[in-house]
Amino acid sequence: MSIHPHISPHLKQDFLASLVVFLVALPLCVGVAVASGVPAELGLVTGIVGGLVTGVMRGSSLQVSGPAAGLTVLVFEAVSEFGLAALGVMVLATGLLQILMGSLRLGRWFRAISVSVVEGMLAGIGLVLIAGQLYALADTKAPSSGLEKIAGVPGALADALTDTSSLASLALGAGTIAVLVLWPRLPGKVRSVPGPLAAVGLATLASVALSLPVATVEVHGLFDSVRLPSLGTLGDLADPGMLATIVAFTMIASAESLFSAAAVDRMHSGPRTEYDKELVAQGAGNAVSGLLGALPLTAVIVRSSANVQAGARTKAARVMHGLWLLLFAALLPQVLAYIPIAALAGVLIHAGAKLIPVRALVPLWRESRGEAVILAVTALAIVSVSMFEGVLIGLGLAIVKTAWEASNLRLEVVDKGAGPIQVHLSGNATFLRLPKVLDSLEALPQDRPVELDLSGLHHLDHAFRTALQGWSERHSATSAEPVKVTAAATEPVEVAAP
């Protein structure tokens with residue numbers, strides 16, 4: 001029996017890459033699950049589905065899917081509000097929506113979403129994630145809202161310094177972060193072990209060897225953690241809050257996956273991503289993950305870049321990584337019980353920091369202050385209000401900015417001192433420019449005739465046309481001669497006689 005011809009030439013590279021991705025994914029799957037307020041095993045289940053379901057489907061051949069740090073905050077809020085039993089239903093609905101959108105060929109439209117909104121979304125998530133995990137680092141409970149989390153961090157860390165158990169937890173977490181920061185600077189042979197695995201492994205060894213009094217991962221068992229959705233939870237889909245959460249899951253998971261695909265495409269010279277098919281693949285993964293009561297999955301840039309850098313050539317690498325996760329979850333789940341929560345918190349704090357585009361902010365401000373403002377406002381809105389509303393605010397700002405830039409309008413007033421005043425309008429006349437234009441028109445002398453030339457307009461919307469008609473009638477009523485209008489090529493403007 002021969003191996004499939006598309007896989008066999010690269011089987012060795014894909015096999016080795018799959019082991020690297022497995023070692024990167026393992027601590028992240030567990031950490032995201034714990035931070036999301038669900039059993040650690042569900043993080044592994046989501047990673048398994050990302051490999052064995054999404055991994056075999058067409059779309060992007062080298063990016064790897066699984067539970068993402070970017071959705072941790074939203075999942076935690078959803079589980080706190082609706083309960084763990086409802087999570088599977090929401091993730092299932094998310095997957096079905098993604099399949100529908102991909103089938104309708106809407107995947108490519110996610111590339112039209114403002115990059116500043118996506119980066120602002122990730123920055124806001126990163127800030128809330130870091131603030132929340134600092135409490136886990138200090139072995140204390142985090143407040144509910146993003147602002148309260150950030151405001152309470154200094155007090156929580158100060159209290160931790162006076163408690164032996166909290167101090168040990170804080171030291172382990174800080175050590176984990178230090179390993180992650182320093183790992184890329186170590187010799188190449190050492191770096192063959194993925195940083196997250198090394199950091200969590202060293203923290204676990206230190207915790208066991210020193211018998212530190214720190215909280216560790218609770219193990220429930222793989223089959224006990226999986227919960228199929230019940231008919232009762234399906235009825236909860238009518239809840240407006242749950243529907244809003246599903247929409248947020250769908251939009252954020254889809255945008256993050258497709259932006260990740262674009263980034264991964266720049267890392268290799270292989271086949272390009274088919275965006276609509278990739279959206280269907282992500283939807284299929286979420287549908288299965290939801291049926292198992294697990295977390296929403298997205299394409300994850302950390303795992304995907306590790307896959308490419310490890311030499312993966314085909315999707316076999318990501319499929320095999322899912323298989324290794326399955327074997328670990330089935331054969332060695334008790335190992336999870338030794339992992340300190342603080343170590344996982346350190347991994348997620350490091351991941352959250354990478355979500356904040358600190359280095360890109362200054363160049364973005366120089367290049368486009370409007371885009372920088374959208375990024376900052378989106379991030380702050382997510383921190384101060386919520387994930388869903390923050391993203392909506394960012395999208396609204398991006399639309400307004402685009403509309404403002406599209407309505408490029410020039411107003412020129414020519415007054416030779418005698419005869420009619422000539423007013424020339426050119427460009428795109430939309431309601432966004434209306435207040436300034438009306439101010440200029442109403443400031444013209446009331447007793448002088450006016451010639452209004454609109455022939456240079458490419459577009460004239462209804463609001464602008466109506467406002468010009470109203471002003472023309474008012475001015476004509478006080479002037480010796482009615483306003484003479486040269487109509488735009490696109491829309492005629494009728495001016496009533498005085």
Side-chain angles (χ1 to χ4, degrees), residues 32 36 42-43 45-75 78 82 86-113 117-118 121-122 125 229 233-234 236-237 242-265 272-301 303-304 315 318-319 322 387-388 391-392 395:
V32 168
S36 300
L42 290 183
V45 170
T46 308
I48 292 166
V49 172
L52 300 184
V53 178
T54 304
V56 300
M57 300 185 70
R58 296 178 65 183
S60 174
S61 60
L62 296 184
Q63 77 169 353
V64 184
S65 299
L71 280 170
T72 300
V73 176
L74 188 56
V75 173
F82 304 110
L87 178 62
V89 173
M90 291 188 284
V91 176
L92 171 60
T94 296
L96 295 177
L97 275 176
Q98 287 180 308
I99 292 172
L100 177 62
M101 291 191 301
S103 302
L104 293 175
R105 302 178 64 82
L106 299 179
R108 68 192 68 183
W109 288 100
F110 277 88
R111 289 183 290 175
I113 297 176
V117 173
V118 176
M121 174 191 77
L122 295 176
I125 292 168
T233 52
L234 288 174
D236 294 336
L237 285 174
M242 189 177 287
L243 289 175
T245 302
I246 291 168
V247 171
F249 277 167
T250 304
M251 300 305 292
I252 294 169
S254 301
E256 190 170 340
S257 294
L258 297 183
F259 271 90
S260 171
V264 173
D265 279 352
R272 304 294 90 181
T273 296
E274 299 176 77
Y275 285 89
D276 296 317
K277 291 177 180 177
E278 179 62 16
L279 192 55
V280 172
Q282 294 295 325
N286 273 315
V288 174
S289 188
L291 285 172
L292 298 174
L295 296 162
L297 62 83
T298 74
V300 186
I301 192 65
R303 286 166 232 184
S304 301
K315 58 187 176 183
R318 64 188 189 184
V319 176
M387 171 82 66
F388 185 59
V391 172
L392 288 181
L395 287 173

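- Side chain of S61 to main chain of K315: no donor-acceptor pair is present (N/O by atom type, distance under 3.5 Å, no hydrogens or angles).
- The neighbour count for R105 CZ, taken as heavy atoms of other residues, nucleotides or ligands under 6.0 Å away, does not exceed 12.
- Residue V64 comes nearest to S304 through the heavy atom pair N-OG, 2.8 Å, listed as atom of the first residue, atom of the second, then distance.
- With P296 as the fixed residue, the side chain to side chain contact (heavy atoms under 4.5 Å, CB included) test singles out one of L74, L71, T250, L92: L71.
- Residues V49 and S289 approach most closely at CG1-N, 4.1 Å, considering heavy atoms.
- Closest approach of G66 to R303, counting heavy atoms only: CA-NH1, 3.3 Å.
- Put simply, the side chain of R272 gets close to the backbone of D265: a donor and an acceptor are under 3.5 Å apart.
- Without hydrogens or angle criteria, N286 side chain to L297 main chain gives a donor-acceptor distance under 3.5 Å.
- Residues T273 and V264 have side chains not in contact (no heavy-atom distance under 4.5 Å, counting atoms from C-beta outward).
- In terms of modelled atom types and a separation under 3.5 Å, the side chain of T72 and the main chain of A69 share a donor-acceptor contact.
- Side chain of R318 to backbone of G55: a donor-acceptor contact under 3.5 angstrom is found.
- The backbone N or O of L295 sits less than 3.5 Å from a side-chain atom of T46, completing a donor-acceptor pair.
- Closest approach of G102 to L279, counting heavy atoms only: N-CD2, 3.7 Å.
- Nearest approach of M90 to A78, heavy atoms of both residues: CE-CB, 3.8 Å.
- S257 and E278 share no donor-acceptor pair across their side chains, judged by distance under 3.5 Å alone.
- The distance from the CZ atom of F249 to the CE atom of M242 is 10.0 Å, given to the nearest 0.5 Å.
- Closest of all the heavy-atom pairs between T298 and A68 is OG1-CB, 3.2 Å.
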With side chain to side chain donor-acceptor pair (under 3.5 Å) as the criterion, how do S254 and Q282 come out once you've worked through the C-alpha distance, each side chain's angles and the decisive distance to 0.1 Å? CA-CA 8 Å; S254 301; Q282 294 295 325; over 6 Å; no
